[in-house]
Amino acid sequence: MIREQLAAAVRQALVDEGVPDVEVHLERPARLEHGDWSTNVALASAKRAGRNPRELAAAIVARLESAGVPHLREVEIAGPGFINFRLAPSWLHEVLTDVVERGTEAFGASEPGSGHHICVEMISANPTGPLHAGHARGACYADALANILTRTGNRVQREYYINDRGTQLDVFARSLAAVRAGEPIPEDGYGGEYILEWGAEMPPGADPLEWGYQRALAEIRGGLERLGIHMDHWFSERSMAETGAIEQTLADLRERGVVYDAEGAVWLRSTDFGDDKDRVLVKSDGEYTYILPDIAYHRDKFGRGFDLLIDVFGADHHGYVTRLKAGVAALGHDPDELEVRITQIVRLEREGEEVKLSKRTGELIELTAMIDEVGADATRFTYLLQSIDSQQTVDLAVIAANTMDNPVFYVQMAHARACSIQRKAASEGIATRPLGEVDLSVLTGERELAVLRSLSEFDEVIAMAARERAPHKVTTWVRELAAAFHGFFHDRYVVGEGIPPEVTQARLWLVEAARVGLAVGLGVLGVGAPEKL
RNA sequence: GCCCCCGUAGCUCAGCUGGACAGAGCAACGGACUUCUAAUCCGCAGGUCGCAGGUUCGAAUCCUGCCGGGGGCGCCA
């Protein structure tokens with residue numbers, strides 16, 4: 001709010017200076033001594049105004065000083081022509097009130113339904129084995145992204161696409177059947193130890209494909225359950241074969257003239273849509289390739305009314321993006337309605353030693369094993385520490401530890417401490433007076449203001465996290481908030497001897513605001529906010 | 001050969017649509033506990049932002065090339 005008020009005042013000042021229609025950006029200076037807010041408009045519009053930046057800035061400042069902007073204490077010109085605003089602490093007291101009034105439900109939230117209707121597809125690993133730690137990165141990312149998009153006003157559905165037919169599943173079934181029959185696993189089969197376990201587990205007479213795929217799916221669901229990730233929809237590829245959706249999609253593509261027959265196969269003219277070669281939709285043996293059902297699936301999603309599809313894939317599927325987008329475009333959709341986010345690979349270590357591929361699966365360590373070792377909260381928080389664009393190295397020993405170098409612990413600790421203060425106040429019989437009756441102006445210490453300043457950033461942070469599909473920005477923020485709160489906790493007692501009652505009251509509300517911020521930050525990331533540790 | 005991601009402090013990483021002397025955590029060193037969780041806090045130290053050009057009043061940020069690391073280029077998924 002203060003941001004808009006300042007921007008409006010600057011805009012008006014520019015108009016009065018005869019420089020209309022300028023976009024005014026207000027930024028938070030990197031350094032506190034540059035003020036609470038700053039703008040570079042004078043630099044940015046100097047050329048257009050035909051004036052020198054500092055001179056233009058001076059003119060703006062002169063007008064602002066008489067404009068009566070709330071909370072504004074001082075305006076200065078700095079460097080080549082930045083305008084810096086210094087505000088009275090009262091602007092942060094207003095932030096406190098705002099945070100408390102919005103509470104955990106609404107803090108950082110935009111108007112519900114103001115955005116898109118989005119389908120976030122995540123993981124979609126073949127039901128041929130357990131999820132591993134790499135899948136988990138994508139799952140944690142996608143789930144947090146879905147939370148962020150929901151909070152910023154979108155309607156979001158989480159979906160898992162199950163490849164419950166096709167070559168991979170056949171191979172899987174043959175591997176299970178071989179184990180059951182006491183025969184060696186086929187050359188091209190699945191070789192992990194879980195195949196031996198599952199093969200032995202399979203009841204006699206069971207259809208290895210049906211049984212195996214249900215077994216794998218149960219494993220996958222169980223893993224996600226433990227991470228606290230819930231799908232709104234498990235979409236079965238097979239269901240499309242049953243409803244004829246795949247045939248319809250092919251017919252649709254034929255009608256659009258983007259399909260041709262050659263060499264006994266049916267091809268999609270994907271080169272018309274940016275692909276580097278055309279792709280086979282139906283093989284010469286009459287079977288579909290994976291891409292046709294995938295196009296049909298995306299067609300189905302559009303048919304269900306989503307106006308934006310976000311697919312989260314692992315790095316090993318990046319080569320697939322162009323042809324999938326081509327498929328969507330071939331259906332007549334704007335390719336921008338399908339957005340694919342790629343998560344880069346994860347490398348696991350234990351005390352600096354690389355964790356070798358799991359014997360059980362022949363791939364990365366399993367998700368459930370990781371949760372057993374470090375817990376669900378640490379798994380989720382760790383995966384959300386950094387951008388998905390870069391490879392990640394995770395040391396399991398570090399994130400399993402309840403120590404300072406474990407960031408999830410640090411943030412949860414801040415939340416637990418906030419709760420502990422509230423418990424303390426309650427046990428001392430201190431009644432919290434209504435916020436409106438409490439004098440917040442006693443909150444002037446830098447420790448207190450730092451917490452509020454951090455809280456004041458959240459609306460921008462979550463908006464940017466949503467826009468850039470970057471949940472890690474929320475992680476960075478909540479770590480900073482936690483740091484500010486630990487500092488406050490250490491230096492400013494809320495309850496105790498020698499603390500005036502009015503200060504206790506104001507600080508109790510500060511604690512509540514911080515608690516809301518920490519709970520919302522952690523909640524959006526899918527990480528628990530415990531009241532005690 | 002072509003495509004994608006990355007290359008910032010000893011280590012792991014932030015750095016917003018380009019902006020003011022490049023930030024955090026860990027590790028190292030030095031401090032701080034009679035009161036709400038010291039599982040914390042404070043201080044000090046540490047960087048040619050891979051390299052070379054370009055655009056700009058201004059580049060870690062945008063563009064080009066090169067070097068290095070990772071991933072991908074099937075009538076597999």
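Residue numbering restarts at 1 for every chain, and letters A, B, ... go by the order of the sequence lines. Side chains are part of it too, since the values below use all heavy atoms of this structure and drop only hydrogens, waters and symmetry mates.
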> Which part of the nucleic acid, if any, lies within reach of A/Leu533 when heavy atoms closer than 4.0 Å are counted: base, sugar-phosphate only, or nothing?
Replying inline: base
>> How many whole angstroms separate atom CZ of A/Phe313 from atom C1' of B/C3?
In response: 17 Å
> Which nucleotide, B/G15, B/C76, B/C75, lies nearest any side-chain atom of A/Trp267?
Replying inline: B/C75
>> Please give the distance between the P atoms of B/A59 and B/U55 as a whole number of Å.
In response: 11 Å
>> Looking only at the aromatic ring of each residue, does the gap between the centers of A/Phe409 and A/Phe381 stay below 6.0 angstrom?
In response: no
>> Just to be sure I understand the rule, does A/Gly496 reach a base, reach only the sugar-phosphate, or reach nothing, if contact means heavy atoms closer than 4.0 Å?
In response: base
>> In this structure, how many angstroms lie between the C1' atom of B/C76 and the CD atom of A/Glu237, rounded?
In response: 13 Å
> For the pair made of CZ in A/Phe488 and P in B/U35, what is the distance, rounded to whole Å?
Replying inline: 17 Å
> Hey, are A/Asp261 and A/Arg254 close enough for a salt bridge, meaning a charged N less than 4.0 Å from a carboxylate O?
Replying inline: yes
>> Please classify the nucleic acid contact of A/His318 as base, sugar-phosphate, or nothing, using heavy-atom distances under 4.0 Å.
In response: base
>> Return the pairing partner of B/A24 with a 3.5 Å limit on both distances, Watson-Crick or G-U wobble; otherwise return none.
In response: B/U12
> Which of parallel (below 30°), tilted (30 to 60°) and perpendicular (above 60°) describes A/Phe488 and A/Phe485?
Replying inline: tilted
>> Quick test of your reading of the model: are A/Glu55 and A/Arg51 salt-bridged, counting only N-O distances below 4.0 Å?
In response: yes
>> Any strand counts, and the cut-off is 3.5 Å on both contacts for Watson-Crick or G-U wobble. Which nucleotide pairs with B/G68?
In response: B/C6
>> Could you tell me the Watson-Crick or G-U partner of B/A38, where both distances fall under 3.5 Å? Say none if there is no partner.
In response: none
Hey, what are the protein-to-nucleotides 19-21 of chain B N/O distances that come in under 3.5 Å?
{"unit_1": "B/G19", "atom_1": "N7", "unit_2": "A/Asn40", "atom_2": "ND2", "d": "2.8"}
{"unit_1": "B/A20", "atom_1": "N6", "unit_2": "A/Ser38", "atom_2": "OG", "d": "3.3"}
{"unit_1": "B/A20", "atom_1": "N6", "unit_2": "A/Asn84", "atom_2": "OD1", "d": "3.0"}
{"unit_1": "B/A20", "atom_1": "N1", "unit_2": "A/Asn84", "atom_2": "OD1", "d": "3.1"}
{"unit_1": "B/A20", "atom_1": "N1", "unit_2": "A/Asn84", "atom_2": "ND2", "d": "3.0"}
{"unit_1": "B/C21", "atom_1": "N4", "unit_2": "A/Arg31", "atom_2": "NE", "d": "3.3"}
{"unit_1": "B/C21", "atom_1": "N4", "unit_2": "A/Glu33", "atom_2": "OE2", "d": "3.3"}

> Does OP1 or OP2 of B/C76 have a side-chain N or O of A/Tyr288 closer than 4.0 Å?
Replying inline: no
Check: protein-nucleotides 9-13 of chain B nitrogen or oxygen pairs below 3.5 Å:
{"unit_1": "B/C13", "atom_1": "OP1", "unit_2": "A/Gln391", "atom_2": "O", "d": "3.4"}
{"unit_1": "B/C13", "atom_1": "OP1", "unit_2": "A/Thr393", "atom_2": "N", "d": "3.3"}
{"unit_1": "B/C13", "atom_1": "O5'", "unit_2": "A/Gln386", "atom_2": "OE1", "d": "3.0"}

>> Less than 4.0 angstrom from a charged side-chain N to a carboxylate O is my criterion; do A/Glu219 and A/Arg215 meet it?
In response: yes
> When all nucleic acid strands are considered with a 4.0 Å heavy-atom cut-off, which category describes A/Arg492: base, sugar-phosphate, or nothing?
Replying inline: base
> With a non-hydrogen cut-off below 4.0 angstrom, is A/Lys532 in contact with a base, only sugar-phosphate, or nothing?
Replying inline: base
> Looking for any heavy atom pair under 4.0 Å, which part of the strands does A/His317 touch: base, sugar-phosphate only, or nothing?
Replying inline: base
> Does a side-chain N or O from A/Arg417 land closer than 4.0 Å to OP1 or OP2 of B/A38, or not?
Replying inline: yes
> Which nucleotide, B/A77, B/G74, B/A38, lies nearest any side-chain atom of A/Arg279?
Replying inline: B/G74
> Taking the side chain of A/Tyr290 as its heavy atoms from C-beta onward, which of B/C36, B/A77, B/C75 lies nearest to it?
Replying inline: B/A77
> Applying a 3.5 Å limit to both distances, which nucleotide forms a Watson-Crick or G-U wobble pair with B/G18?
Replying inline: none
> So, is A/His25 near the phosphate of B/C16, with a side-chain N or O under 4.0 Å from OP1 or OP2?
Replying inline: no
>> Could you tell me how far B/C11 sits from B/A20 if I compare only their P atoms? Round to whole Å.
In response: 26 Å
> Closest to the A/Asp491 side chain: B/C41, B/A77, B/U35?
Replying inline: B/C41
> Can you tell me if the side-chain N/O atoms of A/Lys473 get under 4.0 Å from OP1 or OP2 in B/G15?
Replying inline: yes
>> Please report the distance, rounded to the nearest Å, between CG in A/Leu169 and C1' in B/A77.
In response: 11 Å
> Hey, is A/Glu121 close enough to A/Lys301 for a salt bridge, meaning N to O under 4.0 Å?
Replying inline: yes
> Considering only the P atoms, how many Å lie between B/G43 and B/A60, rounded to the nearest integer?
Replying inline: 27 Å
>> Please report the distance separating the P of B/G58 from the corresponding atom of B/G19, rounded so that it comes out in whole Å.
In response: 14 Å
> Contact class for A/Ala416 (heavy atom, under 4.0 Å): base, sugar-phosphate, or nothing?
Replying inline: base
> When the C1' atoms of B/U8 and B/A14 are considered, how many whole Å apart are they?
Replying inline: 10 Å
> Considering Watson-Crick and G-U wobble pairs with both distances under 3.5 Å, what does B/G1 pair with?
Replying inline: B/C73
> Charged N to carboxylate O under 4.0 angstrom, A/Asp491 versus A/Arg447?
Replying inline: yes
>> Please report the distance, rounded to the nearest Å, between CZ in A/Arg341 and C1' in B/C6.
In response: 16 Å
>> Ring centres within less than 5.5 Å and planes less than 30° apart: is that true of A/Phe409 and B/A39 in this structure?
In response: yes
>> Base, sugar-phosphate or nothing for A/Arg323? Non-hydrogen atoms, less than 4.0 Å.
In response: base
> Is a salt bridge present between A/Glu354 and A/Lys356, judged by a nitrogen-to-oxygen distance below 4.0 Å?
Replying inline: no
>> So, under a plain 3.5 Å distance rule, would you say the side chain of A/Ser284 forms a donor-acceptor pair with the base of B/C75?
In response: yes
>> What's the gap between B/C57 and B/C73 when it is taken at their P atoms, as a whole Å value?
In response: 45 Å
>> Just to verify, what does A/Glu74 make a salt bridge (charged side-chain N to carboxylate O under 4.0 Å, His left out) with, not counting sequence neighbours?
In response: A/Arg86
> With a 4.0 Å cut-off, would you call A/Arg174 and A/Asp188 a salt bridge?
Replying inline: yes
> Quick one: which of B/A77, B/C73, B/C36 gets closest to the side chain of A/Asn163?
Replying inline: B/A77
>> Counting the atoms with a prime plus P, OP1 and OP2 as sugar-phosphate, which does A/Tyr320 contact under 4.0 Å by heavy atoms, base, sugar-phosphate, or nothing?
In response: nothing
>> Any base atoms under 4.0 Å from A/Lys283, or only sugar-phosphate, or nothing? Heavy atoms, all strands.
In response: base
>> Check this for me: does any side-chain nitrogen of one of A/Arg350 and A/Glu353 sit under 4.0 Å from a carboxylate oxygen of the other?
In response: no
>> Using the ring centroid of each side chain, check whether A/His472 and A/Tyr141 are separated by less than 6.0 Å.
In response: no
> Picking from B/A39, B/C41, B/C3, which would you name as closest to the side chain of A/Met413?
Replying inline: B/A39
> Which whole number of Å gives the distance between the C1' atom of B/A22 and that of B/G46?
Replying inline: 13 Å
> If you measure from the P atom in B/G65 to the same atom in B/C29, how many Å do you get, rounded?
Replying inline: 47 Å
> Given the side-chain rings of A/Phe235 and A/Tyr297, with only the six-membered ring counted for Trp, is the space between their centroids under 6.0 Å?
Replying inline: yes
> Which base, if any, makes a Watson-Crick or G-U wobble pair with B/G43, both distances under 3.5 Å?
Replying inline: B/C29
>> For a quick check of understanding: with a heavy-atom distance under 4.0 Å over all strands, which category does A/Glu468 fall into, base, sugar-phosphate or nothing?
In response: sugar-phosphate
